[in-house]
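What follows is a set of notes on a single structure, which appears directly below.
As the structure is a computational prediction, the values presented were derived from the model and not from experiment. Sequence lines set the chain letters: A, B, ... in the order given, protein chains first and strands last, and positions in each chain run from 1.
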Amino acid sequence: MSAQRTAWRDARLVAARAETGAARTLVFKIPGWPGHLAGQHVDVRLTAEDGYSTQRSYSIASATDGDLVELTVQNVPDGEVSPYLVEVLEVGDEVEIRGPVGGWFVWRPSSERPVLLVGGGSGIVPLMAMIRARRQAAGRTPFRLVYSVREPGQRFYAGELRRHDPADAGLDVAYLYTRAVPDGWPRPAGRLTVADLNTHGWPADFEPDCYVCGPTGFVETAADILIALGHDPRRIRTERFGPTGG
Amino acid sequence: MTASIEDAYQDGNALAGPLREIFAVDMTAAEGRCASCGLTGPLASLRVYGPEPGWVARCPGCEEVLLRLVRGPQAAWLDLRGIVNLRISLPAEAEAAGA
């Protein structure tokens, strides 16, 4: 298994769609894909004609679906990899992908604990994989998602989360906007606060599994708040992405 | 996106691929103990800088270097100087064969 898990595989882009002005969902066909757990990620390697190659790690956005794997990539200006994936790569083109990897920031449908998902910006991606895996498994574990973005146009998967798929019964979604809010929105624009997680999260007594993903500052704030609200640090799993997510 | 100083690192989740190249099981969930301050936690929780010229992982408690990893074309160099021990979960074979 190990050799297979770490082998670089050819991955062909078979579909793509824009999530926002600067983020794109890429659907890759990867022959021999072994399946994955929600929250796992892949390493993507690009190699230039002169042989120079570079790689980045991206969370998988989709639930397991045969040999198809979806990534959602945020364009990081001046990044080495993301501008290529978001603006240049065309359907039919190939990159190299290895994985799935990661065994810490994962959710298994067999778990019966309530789940709190806290996402900042493109940190929603692995959390969406968890929501999709729950839907695929017809899971009944209660899920709450708290999703912080700058303004409404920055939301990923907005249509899918709004659709209220019957299989998503038991999933509550709360949006927090940090810069600009829609007309009539009750919460003023601002960063994540204790009140936000107190209102939209689970009481610590419910002993939920908490998954927090986003930029480093966001993740540290959210984890500190959850601990202050009484959540067991061992049930708070975090994933940060730095500037080189690019 | 302007990267602030505090965003200048990722975390140990980013080491999943590079370490899986070396180890037979996922190492990001392995619990390690810092040789400097004694803090214990999963490798996923480390502060990680990289990938070029190599990965450097520091303790989130005291910031000492726990691990360094450099991948060359023919070999990898792995330095675990700051970790006293690791507790590595070894799942039953049936589970290990799945995802």
Side-chain angles (χ1 to χ4, degrees), chain A residues 1-3 5-7 22 33-45 54-57 59 64 74-80 82 97-106 108 121-122 126 213-220 223 233-234 236-246, chain B residues 1-32 39-58 60-61 71-73 76 87-91 93-99:
Chain A
M1 288 308 293
S2 180
R5 193 60 49 95
T6 58
W33 184 251
H36 58 269
L37 294 170
Q40 286 192 296
H41 55 266
V42 295
D43 293 336
V44 175
R45 181 164 74 179
T54 188
Q55 67 189 60
R56 292 291 183 274
S57 182
S59 290
T64 288
Q74 173 83 33
N75 193 354
V76 179
D78 303 327
E80 242 186 336
S82 68
I97 286 180
R98 77 173 171 196
V101 292
W104 168 247
F105 197 81
V106 299
R108 292 175 171 81
S122 55
C213 185
T216 299
F218 175 87
V219 168
E220 313 254 306
R234 288 171 301 181
I236 302 171
R237 296 184 179 226
T238 56
E239 181 157 278
R240 305 158 173 82
F241 47 81
T244 56
Chain B
M1 184 168 81
T2 306
S4 60
I5 297 289
E6 65 177 7
D7 274 351
Y9 58 88
Q10 303 178 66
D11 63 28
N13 293 293
L15 296 176
L19 289 175
R20 191 60 198 266
E21 229 182 349
I22 301 168
F23 293 94
V25 296
D26 172 67
M27 292 297 289
T28 58
E31 299 261 339
L39 184 69
T40 300
L43 293 191
S45 69
L46 303 184
R47 296 185 174 188
V48 170
Y49 303 78
E52 280 101 24
W55 296 101
V56 176
R58 292 178 177 271
R71 178 68 158 93
R87 182 191 182 280
I88 303 159
S89 287
L90 297 174
E93 284 189 23
E95 192 186 339

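Taking both residues in full, the closest heavy atoms of B:A16 and A:H41 are given as CB-NE2, 3.7 Å, listed atom of the first, atom of the second, then distance.
When each of B:A14, B:P18, B:A30, B:G12 is scored by its heavy-atom pairs under 4.5 Å with chain A, the top score falls to B:P18. Ranked by non-hydrogen atom pairs under 4.5 Å with chain A, the options B:N13, B:T28, B:V48, B:D26 are led by B:N13.
Contact of the B:R20 side chain with the A:R98 side chain is not registered, since no non-hydrogen atoms from C-beta on lie closer than 4.5 Å. Using a 4.5 Å heavy-atom threshold, the side chains of B:L43 and B:L15 count as separate. Two residues are said to be in side-chain contact when any heavy atoms from C-beta on lie closer than 4.5 Å; A:T216 and B:R47 fail this criterion.
Of the two parts of B:P60, neither the backbone nor the side chain holds a non-hydrogen atom closer than 4.5 Å to a non-hydrogen atom of chain A.
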